[in-house]
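Input: a single structure, listed below in structure tokens.
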Amino acid sequence: MKNYTKYKKQFFAPQGVTMDWVKKSVIDKPPVWCSVDLRDGNQALIIPMSLEEKLKFFNVLVSLGFKEIEIGFPAASETEYEFCRTLIEQNLIPDDVTIQVLTQSREHIIKKTFEAIDGAKNAIVHLYNSTSVAQREQVFKKEKAEIVEIAKFGAKLLKEYRKTAKGNVRFEYSPESFTGTEPEFAAEICNEVLDIWQPTKDDKVIINLPVTVSHSMPHVYANQVEYMCKNLHGRENVIISLHPHNDRGCAVADSELGLLAGGDRIEGTLFGNGERTGNVDIITLALNMFSQGIDPGLDFTDLPKITETYEEVTRMRVYERQPYSGKLVFAAFSGSHQDAIAKGMKWREDGKDEYWTVPYLPIDPTDVGRAYEADVIRINSQSGKGGIGYILETQFKMVLPMKMREAFGYHVKSVSDHAHKELSPQEVYDILMQDFVNRQTVVKVVNEQYLPTGEGVTGNVTVSVGGVETTHFVTGNGRLDCVSNALKAATGKAFTLESYTGHALEETSSAKAASYVSVTAGGKTFWGVGIHGDIMKSSVKALVSALNRMIEGENA
């Protein structure tokens, strides 16, 4: 590409880090979760949420288990202020939930912010100012000392206003644009704030380290987190919060490595909605932990409903391939994938593994409100016999023989390819019923009468071929063999009865039976299916169906 030389790295790799966090392989406990959907997410919407929509979304976040929710920037607009007051005055905030509000280091904004949270039982006031080289030089045109004074000014005001505030008010500070800030300066400004607030064991302070703009690979951010953890005053009384954005597509990785490096808390959004490419997707991050056997402390057992509400209030759309949440993330179209999933499901049903290890599915779709039938095995021209057989067996109790699965699979793939569309399970079943079951297009058996004779069976079988009926006295090693011989005599066709299997469609005495028969002729195999209340009659219907498919193939 052209113009690549006009770019350079804008991050600072910290010195003196040991990277001991690299030795950890898993996150063994969930972080403190803080949703910023109603502030960071909302400000990134083309049409910000109305008061009613924000209230609806707040209730969803509470129901999911969030205990800290950033609800907005109360001094920014009347809607933001009114939303905060509505939550408090209408007593809509559960006692165990803390609301968080954002403020700049400006006195009239801080004053308005404390007015907004007046009466809240639990609140976090989140102070921020930009600290990066680019922001200092280009936006504020201030030296480091002047940037530090901005932070100290706000920190002192928060401390003063808290003295008269009702309820439990905690503090948070963000050196905004942290990833573009020299680590030494980031630690310096945070320590100046901490020295003012003087956190204790019972009054901890949150230091938030935002990836306001992602500049580096995830391990660099993790090293920055490690550096801060080692250089902050009173670390035992500081909660290290991470707020990754997704400019490089690394927000989840930044978060996971940042937690390994010492982070305690995550600020993010559902589905990753946020400025530019978005924030870290808390659903993905939480379910990544879930897939490793860690309870994330959030409830995503009905992802379809969460998705529906999110799309309604934000007017955004969840991408079909969004991890865990997208409509197609559990879908397998590939034949080899479908076969492996079907066999993995059978392995699990047989009780051979207490843990979820089904190939291609990192978690059980039903754990997040998805259905195997509708979401996992999807049929199109790329599908295979395993997936098609799995759908027929699990949804319609039709257990096709393995060799028939292959033949029927090719048939279904051809239908999908010519129609150039995905086929629903019902459409797959309809193809089976229409093209293979009880087929009597040319030939049909009109009547059968049998008499056992020693080791075999003798009978009179009346066959209709193209509407012309003939009766044949035949013998065979069984009733189905008798019918086969009668069909050969009536049609003049040479074929071999290759295989026969059958099963009940339900576990009741009055259940119908399904039979599967294959015949071979000229080196080709033709399958037919019969369904009837009598297993023997169903096998005859399956044989007739196979023969009709053979004749239709000859006439095609």
Side-chain angles (χ1 to χ4, degrees), residues 19-37 60-69 96-98 204 206 208-209 211 218-219 221-223 225-226 229 236 238-244 246 249-272 278-307 310 318 321-326 329-330 344 348 353-370 375-376:
M19 294 187 69
D20 289 338
W21 54 266
V22 173
K23 300 173 185 176
K24 302 175 185 177
S25 60
V26 296
I27 300 167
D28 56 10
K29 65 178 181 179
V32 176
W33 300 106
C34 178
S35 162
V36 294
D37 288 272
V60 169
L61 294 171
V62 170
S63 72
L64 297 180
F66 284 97
K67 301 304 179 185
E68 296 182 3
I69 302 172
D96 63 345
V97 172
T98 299
K204 292 187 177 183
I206 300 166
N208 189 49
L209 306 177
V211 184
H219 75 286
Y221 176 62
N223 284 339
V225 173
E226 179 193 333
C229 288
E236 68 278 7
V238 176
I239 297 168
I240 298 294
S241 179
L242 315 178
H243 184 120
N246 201 38
C250 296
V252 169
D254 283 340
S255 300
E256 291 182 330
L257 297 191
L259 289 173
L260 290 179
D264 307 303
R265 182 177 184 265
I266 291 289
E267 292 187 351
T269 60
L270 301 186
F271 309 104
N279 290 41
V280 64
D281 177 3
I282 285 181
I283 293 174
T284 298
L285 196 56
L287 291 179
N288 280 355
M289 296 178 194
F290 178 77
S291 71
Q292 300 295 313
I294 304 299
D295 182 357
L298 296 173
D299 183 2
F300 296 122
T301 52
D302 193 354
L303 265 185
K305 181 62 177 176
I306 299 167
T307 303
Y310 166 83
V318 174
R321 300 292 182 186
Q322 182 96 351
Y324 302 107
S325 312
V329 296
F330 297 112
R348 183 168 177 78
D353 198 335
E354 64 175 306
Y355 296 104
W356 179 265
T357 59
V358 175
Y360 298 111
L361 297 178
I363 66 169
D364 184 344
T366 62
D367 286 335
V368 290
R370 305 289 287 274
D375 295 312
V376 178

(request) Identify the heavy atoms of N223 and M19 that sit nearest to each other, and give their distance. (result) OD1-CG, 3.0 Å
(request) Give, for atom OG of S35 and atom CG of L61, the distance between the pair rounded to the nearest 0.5 Å. (result) 4.0 Å
(message) Within the 4.5 Å heavy-atom criterion, are T301 and D367 side-chain neighbours or not?
(response) no
(message) Name the residue from T284, L64, D281, L298 that meets the side chain to side chain contact (heavy atoms under 4.5 Å, CB included) definition with L270.
(response) L64
(request) Determine the minimum heavy-atom distance between P218 and A253, stating which atoms define it. (result) CG-CB, 3.6 Å
(message) Any non-hydrogen side-chain atom of L209 less than 4.5 Å from a side-chain atom of H243?
(response) no
(request) Identify the two heavy atoms, one from P304 and one from G369, that lie closest to each other, and give their separation to 0.1 Å. (result) CG-O, 3.5 Å
(request) State, to 0.1 Å, how close S325 and T307 come at their nearest heavy-atom pair, and which atoms those are. (result) O-OG1, 4.4 Å
(request) Please round to the nearest 0.5 Å and tell me the distance separating atom SG of C250 and atom CG of L257. (result) 9.5 Å
(request) Check the pair K204, E236 against salt bridge (charged side-chain N to carboxylate O under 4.0 Å, His left out), reporting the backbone distance first and the verdict last. (result) CA-CA 9 Å; K204 292 187 177 183; E236 68 278 7; over 6 Å; no
(message) Could you tell me if the side chain of E267 sits less than 4.5 Å from the side chain of E68, heavy atoms only?
(response) no
(message) My understanding is that only one of N208, I266, V32 makes a side chain to side chain contact (heavy atoms under 4.5 Å, CB included) with S241; could you say which?
(response) N208
(request) Work out which heavy atom in I294 is nearest to a heavy atom in P30; give both atom names and the distance. (result) CG2-CD, 4.2 Å
(request) Spell out, as yes or no, whether a donor-acceptor pair under 3.5 Å connects the side chain of R348 to the backbone of Y355. (result) yes
(request) Decide yes or no on side-chain contact (heavy atoms from CB on, under 4.5 Å) for E256 and N288, but give the supporting numbers first. (result) CA-CA 9 Å; E256 291 182 330; N288 280 355; 3.0 Å; yes
(message) Is the shortest side-chain heavy-atom distance between I282 and W33 below 4.5 Å?
(response) yes
(message) Could you tell me if Y310 and D37 have a donor-acceptor pair between their side chains, going purely by distance under 3.5 Å?
(response) no
(request) Evaluate the criterion side-chain hydrogen bond (donor to acceptor under 3.5 Å, both in side chains) for residue pair W21 and E226; output intermediate values, then yes/no. (result) CA-CA 8 Å; W21 54 266; E226 179 193 333; 3.3 Å; yes
(request) Begin from the C-alpha positions of F290 and V368 and carry the test side-chain contact (heavy atoms from CB on, under 4.5 Å) through to its verdict. (result) CA-CA 11 Å; F290 178 77; V368 290; 5.6 Å; no
(message) Run the salt bridge (charged side-chain N to carboxylate O under 4.0 Å, His left out) test against D96 and tell me which residues pass, sequence neighbours left out.
(response) K67
(message) Within a 6.0 Å radius of atom NZ on K305, are there more than 12 heavy atoms belonging to other residues, nucleotides or ligands?
(response) no
(message) How long is the straight-line distance from CG of D264 back to CD1 of I240, given to the nearest 0.5 Å?
(response) 6.5 Å
(message) Is the shortest side-chain heavy-atom distance between L303 and L287 below 4.5 Å?
(response) yes
(request) Under the side-chain contact (heavy atoms from CB on, under 4.5 Å) rule, what do S291 and Y324 come out as? Steps first, then yes or no, please. (result) CA-CA 11 Å; S291 71; Y324 302 107; 4.0 Å; yes
(message) Could you check whether any side-chain heavy atom of L259 comes within less than 4.5 Å of a side-chain heavy atom of L242, counting everything from C-beta outward?
(response) yes
(request) Using side-chain hydrogen bond (donor to acceptor under 3.5 Å, both in side chains) as the criterion, list what pairs up with T366, not counting sequence neighbours. (result) D364
(message) So P31 and M289, do their side chains get closer than 4.5 Å, heavy atoms only?
(response) yes
(message) Can you confirm whether Y360 sits close enough to V358 that some side-chain heavy atom of one is under 4.5 Å from a side-chain heavy atom of the other?
(response) no
(message) Looking at every heavy atom in both G263 and V225, which two are closest together, and how far apart are they?
(response) N-CG1, 4.0 Å
(message) Has N246 got a side-chain atom pairing as donor or acceptor with A251's backbone, closer than 3.5 angstrom?
(response) yes
(request) Please answer whether the main-chain N or O of F271 pairs with a side-chain N or O of Q322 as donor and acceptor at a distance below 3.5 Å. (result) yes
